Novice: 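Submitted below is the structure of interest, expressed as structure tokens.
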Amino acid sequence: MPLPKAPTKPATLLTDFEPAQARRAPARKRLAGASVASPEPAANAADAQQATLALIDPEIAATPAVVPELDPIAAVEIADVADLTEALDVATAPKIAPARSAPAKSGSRIPVPPPVARSKTPIGRIAERPPVAPVTPRQAAAHRATTTKRGGIKDGADIGVKKLFVLDTNVLMHDPSSLFRFEEHDVYLPIMTLEELDNHKKGMSEVSRNVRQVSRTLDALIEAAGTSVDIEGGLALASLGNRDAGGRLYFQTQIFANLLPSGLETGKADNQILGVVRALQESKPERLVVLVTKDINMRIKARALSLPAEDYFNDHVLEDTDLLYSGWLALPDNFWQRHGKGVESWQQQGSTFYRVSGPLVTAFMVNQFVYYEGKDGEAPLYAQVREVNGKTAVLQTLRDFTHNKNGIWGITARNREQNFALNLLMNPECDFVTLLGQAGTGKTLLALAAGLSQCLDTRRYTEIIVTRATVPVGEDIGFLPGTEEEKMAPWMGAFDDNIEVLLGGGETSGAGGGYGGTYSSNAGGEWGKQSSADVIRSKIKIKSMNFMRGRTFVSKYLIIDEAQNLTPKQMKTLITRAGPGTKVVCLGNIAQIDTPYLTEGSSGLTYVVDRFKGWPHSGHVTLARGERSRLADYASEAL
């Protein structure tokens, strides 16, 4: 008989042979076994045991062995072991010797223990791995909650899975329409969320108004469902006309047992909501339950407890603010080679127009600025996109506000982006302008100079209205005395500084100096400067945002300063105040947001920049270079 191959997992086969002491079976049993067993199975059993021992230790297999008599069934089982070893690979089998109770003497007979009876499971399946239990959606979500980074590509396991989102109170306070923002997924409101909403419904703040709006929405959903509907079965979110909301709204209708660790305080609202999430996971293992909260610490605590938690991202315009629309585009060096064929040009109202066609035109937007600096003696191009039709666009050359003859109240553009901004601010067809940039880029000065020029010189607007979000950088100093304008005066110090610059008080020279040019040219000395300041301030009205609702501004120049601290809803409230002939200018720096729960992606300024791009009567410019002073420029970069 050929030598059988060694098994790949010999430890599995060794478990059938326990070490035993050397002894001979009693004669009576040997005779009984001999009278029952046939000689052929016995021989097969001996060969099988010798083959198995050869795999374990060739030295032991070479020693004659005493084989006890076997019954026919046991002999067949040993033959099956031999057949199994022949089918296994010999190359990877390590050499393993069985444990011995005592060292064997030279020339002694090595006993072989009787084989273990065969179980119902075939021997060939002993070495197989046990089947892995399928992962439930809840287990997969708990794993992703600790391994997935939000904002990137979603896990493929989430595709096609209908989730159950448990909303924290701050999500509803932040966005009262968040109930309808989860598409086909279901929404669950714990009792503690409703309790916290009830505690914040009183007051005149933005949060209180949002809470009252949520309460009215919930009442309308219940009324639309009718009295015969079982509330435990959920309410259809699309019943109020929100077609994008395909899921259902569920309320907590029973008190769950506390399944969180005993060390957590049960009376805290956050811990009770976490307990509801854990209870829903246990009671609905087939559902993927996810907590949605804007509380960073609560999300961290949830993930520490292996609970899936996410931020509310629906209000984010962009995940990466680097992709925000800048308002200008640099043309490649080969622009005229690829787009110069069949170009048309004409003169109209002192401007040159070009009609160009090519592949890059599809990326243009109306009122976007394009520029080509020019190389090797080529003429530069600074133009604004006036019309886009497929692969054909109409470009209009700009008015050069960097030249002193085109200065606005003695203010000239110091860089390319400021020139773009003044072209928008002085364009009567542009009703909405947004200027974005870091500190010292000249946003407020450019907007104020353009407004005064069009109010006092051309009489296009009757007055300038200035407002801003009153969000302090540090601790609040308390209530301020006086009228509305007197209360707003401390917040408008930036405009007073710029008015002083326009009147000539900040006129200096040198690379680090301020803007040159004055309105009064110091002709009347201090008396003339004071009278000019009185005229300017008579055209500037400072208004509080708290009293804007319901107003309509006709032929006004409205400046919204520090717009990055406004929510999208507040921005909508202010912009919709504009009446016929009104121009709205929004200024801000999204890197300096002081309002809680607002980020660069969810700011109202980011929101309007993204929504108004491409509209023929709006424009946007991101100012890139600081022009305030050498110190301010270096501080912006180094700090």
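Basis for what follows: all heavy atoms, side chains included, without hydrogens, waters or symmetry-related copies. These numbers were taken from a predicted model, which means no experiment stands behind them.
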Novice: Any ion pair linking Asp168 and Lys294 (charged N to carboxylate O, less than 4.0 Å)?
Specialist: no
Novice: Around atom CG of Asn389, are there more than 12 heavy atoms of other residues, nucleotides or ligands at under 6.0 Å?
Specialist: no
Novice: Do Asp175 and Tyr312 meet the criterion of a side-chain donor-acceptor pair at a distance under 3.5 Å?
Specialist: yes
Novice: Just checking, any donor-acceptor pair under 3.5 angstrom between side chains of Gln347 and Thr352?
Specialist: yes
Novice: Check this for me: does any side-chain nitrogen of one of Glu373 and Arg416 sit under 4.0 Å from a carboxylate oxygen of the other?
Specialist: yes
Novice: Are Tyr372 and Phe335 close enough that their ring centres sit under 6.0 Å apart?
Specialist: no
Novice: Verify the distance criterion only: is there a donor paired with an acceptor across the side chains of Thr392 and Ser357 at less than 3.5 Å?
Specialist: yes
Novice: Can you confirm whether Thr397 sits close enough to Tyr354 that some side-chain heavy atom of one is under 4.5 Å from a side-chain heavy atom of the other?
Specialist: yes
Novice: Check for a donor-acceptor pair, side chain of His185 on one end and backbone N or O of Lys163 on the other, with a separation under 3.5 Å.
Specialist: yes
Novice: Please say which of Lys443, Glu627, Arg625 ends up in a side-chain contact (heavy atoms from CB on, under 4.5 Å) with Gln418.
Specialist: Glu627
Novice: Please report the interatomic distance OG1(Thr582) to CZ(Phe432), rounded to the nearest 0.5 Å.
Specialist: 13.0 Å
Novice: Please verify the inter-ring angle class for Phe420 with Tyr382; under 30° counts as parallel, over 60° as perpendicular, anything in between as tilted.
Specialist: tilted
Novice: Nearest 0.5 angstrom please: Ile465 CD1 to Thr462 OG1, how far?
Specialist: 7.5 Å
Novice: Once you round to the nearest 0.5 Å, how far does NE2 of His617 lie from CG of Asn427?
Specialist: 10.0 Å
Novice: For Ser177 and Arg181, which I'm curious about, is there any donor-acceptor pair between the side chains at under 3.5 Å?
Specialist: yes
Novice: Between Tyr371 and Gln384, is there a side-chain donor-acceptor contact under 3.5 Å, judged purely by atom types and distance?
Specialist: no
Novice: How far does CD1 of Ile575 sit from CD of Gln570, to the nearest 0.5 angstrom?
Specialist: 12.0 Å
Novice: Taking all non-hydrogen atoms of both residues into account, name the closest pair between Val584 and Ala578 and its distance.
Specialist: CG2-CB, 3.9 Å
Novice: If we ignore angles and hydrogens, is there a donor and acceptor under 3.5 Å between the side chains of Asp244 and Asn242?
Specialist: no
Novice: Within the 3.5 Å criterion, strictly below it, is a donor on Asn419 or Arg414 matched to an acceptor on the partner's side chain?
Specialist: no
Novice: Identify the two heavy atoms, one from Glu184 and one from Lys162, that lie closest to each other, and give their separation to 0.1 Å.
Specialist: O-CE, 3.1 Å
Novice: Quick one: do the His620 and Thr622 side chains pair a donor with an acceptor below 3.5 Å?
Specialist: yes
Novice: Can you tell me if Thr293 and Asp295 form a side-chain donor-acceptor pair at under 3.5 Å?
Specialist: no
Novice: Examine the side chains of Asp457 and Trp409 and answer whether a donor and an acceptor come within less than 3.5 Å of each other.
Specialist: yes
Novice: Nearest 0.5 Å, what's the CG-OG1 distance between Asn498 and Thr444?
Specialist: 5.5 Å
Novice: For the CZ atom of Arg468 and the CG atom of Leu587, what is their distance to the nearest 0.5 Å?
Specialist: 11.0 Å
Novice: What's the shortest heavy-atom distance between Cys586 and Ala563, and which atoms?
Specialist: CB-CB, 4.3 Å
